[in-house]
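Ligands are counted one by one from 1 in listed order, and the atoms in each one are counted from 1 as well.
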Amino acid sequence: MSHRALPLNTHFTDIGPLVYGCMALGGDWGGGPLTEADIAQAHAAVEAALDIGVKLFDHADIYRRGKAEAVFGELLKRNPGLRARVRLQSKCGIRFADDVNVGRFDLSAAYIEDSVNGILQRLGVEQIDILLLHRPDALMEPAEVAHAFTRLKAAGKVAHLGVSNMHAGQMGWLQTALSEPLVVNQLELSLAKLDAIDAGTAFNDPQAATRPGAIGWAGTLEYAQRHGVQLQAWGSLAQGRFNDPASSAAAQVVHETAEAHRTTPNAVLLAWLLRHPAGIQPVIGSGNAERIRACADATRIQLSREEWYRLYVTARGERLP
Ligand SMILES: NC(=O)c1ccc[n+]([C@@H]2O[C@H](COP(=O)([O-])OP(=O)(O)OC[C@H]3O[C@@H](n4cnc5c(N)ncnc54)[C@H](OP(=O)(O)O)[C@@H]3O)[C@@H](O)[C@H]2O)c1
């Protein structure tokens, strides 16, 4: 099986394999007003994403301290046809430190509902398609999350609920309180962040002790596939870390593979994710229109099993078995 044309999740059969992440849109993180240059950059990036077939646009209330959503809202306002062409996903639950409080996670019902109102206001829409709980909150109570989601759904503000950065145990526990299935789990996953894959290959192997990052991830990919939770990979371009072939053995192999397929290193990084049978959707975080367009190649490339493993083993820096 190669990368799937459709996600596993039956709610979103029209979304396609690539998602665009909007964290690079909206200018600085400092809280200044949006500029026309910010709007032009966002417009170019969104057009490039649409050109390569992206439908789902990933946000979070915290990106650029609200300005990523605000600039997208401005694009929606200026382009009346745009809303019908996109699906909108956003996240809540991270609270930055301020003069009084430390940085923290907050999945209380009141905070979730307040956050969604802010998201809708900045985007200038009445509903988002998917709300993700951005990170696990140590004080999370599933019944409270369920209460908030029920109210948001009844009000027509959120269509579906998903999570981000949660392991299998957390997903299963939360699901017990919900009357609807969780539809997405967005995790950091790339050749630079292999924990989710290592969790499977290191099990019952003496090398497990050398893969401590993988421990908490046990069963996470399996849970998602078994329950139809669409996996999304953030950091899918490894934040540019394989850009220079001389920087590491893994970067060298990424570049060699790109040459063999007559494509770019970024397309290889995405194709590596798409080759996994879980139907993982890479979330592309580049704010550069040209780089976004070049990502289209990822859906054209078919990595062989041997190429996939060569990339994986070189990136993990330790042989198998
Ligand atoms: N759920 C979560 O906790 C979470 C956390 C972080 C991000 N996200 C989501 O995932 C999306 C992607 O995440 P990400 O931004 O961390 O990862 P990414 O897509 O791996 O990296 C994007 C960054 O890498 C740079 N880059 C990519 N290819 C490059 C190359 N060949 N040479 C030089 N620089 C290169 C981009 O610069 P240019 O812009 O100049 O191309 C950009 O700064 C975000 O937009 C957001 O929607 C989710």
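Here the rule is side-chain hydrogen bond (donor to acceptor under 3.5 Å, both in side chains) with D58, and of Q281, Q186, Q232 only Q186 fits it.
Within the listing of ligand 1, atoms 38 (P), 39 (O), 41 (O) sit less than 4.0 angstrom from a heavy atom of G287. With ligand atoms numbered from 1 in the order given, ligand 1 contributes 45 (O), 47 (O) to contacts under 4.0 Å with heavy atoms of C22. Listed by number with element, the atoms of ligand 1 under 4.0 Å from a non-hydrogen atom of H134 are 1 (N), 2 (C), 3 (O). Set against the non-hydrogen atoms of S236, the atoms of ligand 1 under 4.0 Å away are 20 (O). Those atoms of ligand 1 that come under 4.0 Å of a heavy atom in A238, given as number and element, are 20 (O). In summary, the atoms of ligand 1 found under 4.0 Å from a heavy atom of G21, numbered by their order in the structure, are 45 (O), 47 (O). Heavy-atom contacts of Q186 reach the following atoms of ligand 1: 1 (N), 2 (C), 4 (C), 8 (N), 9 (C), 48 (C) (cutoff under 4.0 Å).
Residue-level proximity to ligand 1 for V283 is carried by backbone and side chain together, each with a heavy atom below 4.0 angstrom. With a heavy-atom cut-off of 4.0 Å, A60 does not touch ligand 1 at all. With a 4.0 Å cut-off on non-hydrogen atoms, H59 does not touch ligand 1 at all. Only the side chain of S164 comes within 4.0 Å of ligand 1, counting heavy atoms alone; its backbone N, CA, C and O stay farther away. Residue-level proximity to ligand 1 for L132 is absent, since no heavy atom of it falls below 4.0 angstrom. Neither the backbone nor the side chain of S190 has any atom closer than 4.0 Å to an atom of ligand 1 (non-hydrogen atoms only).
For atom 28 (N) of ligand 1, the nearest protein heavy atom (residue, atom name, distance) is N266 ND2, 3.1 Å. When only non-hydrogen protein atoms are considered, atom 37 (O) of ligand 1 lies nearest to R291 NH1, 3.5 Å. Scanning the protein for heavy atoms near atom 6 (C) of ligand 1, the closest one is W234 CE3, 3.1 Å. Ranking the protein heavy atoms by distance from atom 17 (O) of ligand 1 puts G235 CA, 3.2 Å first. Closest to atom 43 (O) of ligand 1 among all protein heavy atoms lies G285 O, 5.0 Å. Nearest non-hydrogen protein atom to atom 44 (C) of ligand 1 is M23 CB, 3.6 Å. Looking from atom 31 (N) of ligand 1 to the surrounding protein, the closest heavy atom is N243 OD1, 3.3 Å. For atom 3 (O) of ligand 1, the closest non-hydrogen atom on the protein side is N165 ND2, 2.9 Å.
In terms of N/O distances under 3.5 Å, ligand 1 is not approached by A24. Not one N or O of I284 is nearer than 3.5 Å to an N or O of ligand 1, by distance alone. Backbone and side-chain nitrogen or oxygen atoms of K91 are examined, and none is located within less than 3.5 angstrom of a nitrogen or oxygen of ligand 1.
For atom 18 (P) of ligand 1, the nearest non-hydrogen atom from the set D58, L237, V163, L269 comes from L237.
Between the side chains of D198 and W217, not a single donor N or O lies within less than 3.5 Å of an accepting N or O.
The CH2 atom of W272 sits 14.5 Å away from atom CD1 of I301, with the distance rounded to the nearest 0.5 Å. Taken to the nearest 0.5 Å, the CD atom of Q89 stands 11.5 Å off from the NE2 atom of H160. Here CE of M166 is found 10.0 Å from CG of L132. Values are rounded to the nearest 0.5 Å. The line from CZ of R83 to CG of L123 is 8.5 Å long, rounded to the nearest 0.5 Å. Taking CG from D137 and OG from S108, the interatomic distance works out to 7.5 Å, rounded to the nearest 0.5 Å. Here the OG1 atom belonging to T257 is positioned 4.0 Å from the CG atom belonging to L311, to the nearest 0.5 angstrom.
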Step by step, would you call I94 with F105 a side chain to side chain contact (heavy atoms under 4.5 Å, CB included)?
CA-CA 5 Å; I94 296 180; F105 304 127; 4.1 Å; yes
When you look at H261 and E307, which way does the side chain to side chain contact (heavy atoms under 4.5 Å, CB included) test go after all the steps?
CA-CA 11 Å; H261 286 271; E307 286 173 316; 2.8 Å; yes
Decide yes or no on salt bridge (charged side-chain N to carboxylate O under 4.0 Å, His left out) for D14 and R87, but give the supporting numbers first.
CA-CA 10 Å; D14 62 340; R87 297 284 201 116; 3.1 Å; yes
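Aromatic ring orientation, F72 versus H59: perpendicular (interplanar angle above 60°, classes split at 30° and 60°). By the 30° and 60° cut-offs, the orientation of the rings of H134 relative to Y63 is perpendicular.
Within the 4.5 Å cutoff, the side chain of P282 has heavy atoms near those of the L274 side chain. Between R241 and K193, every side-chain heavy-atom pair lies at or beyond the 4.5 Å cut-off.
Ligand 1 lies less than 4.0 angstrom from a heavy atom belonging to Y63.
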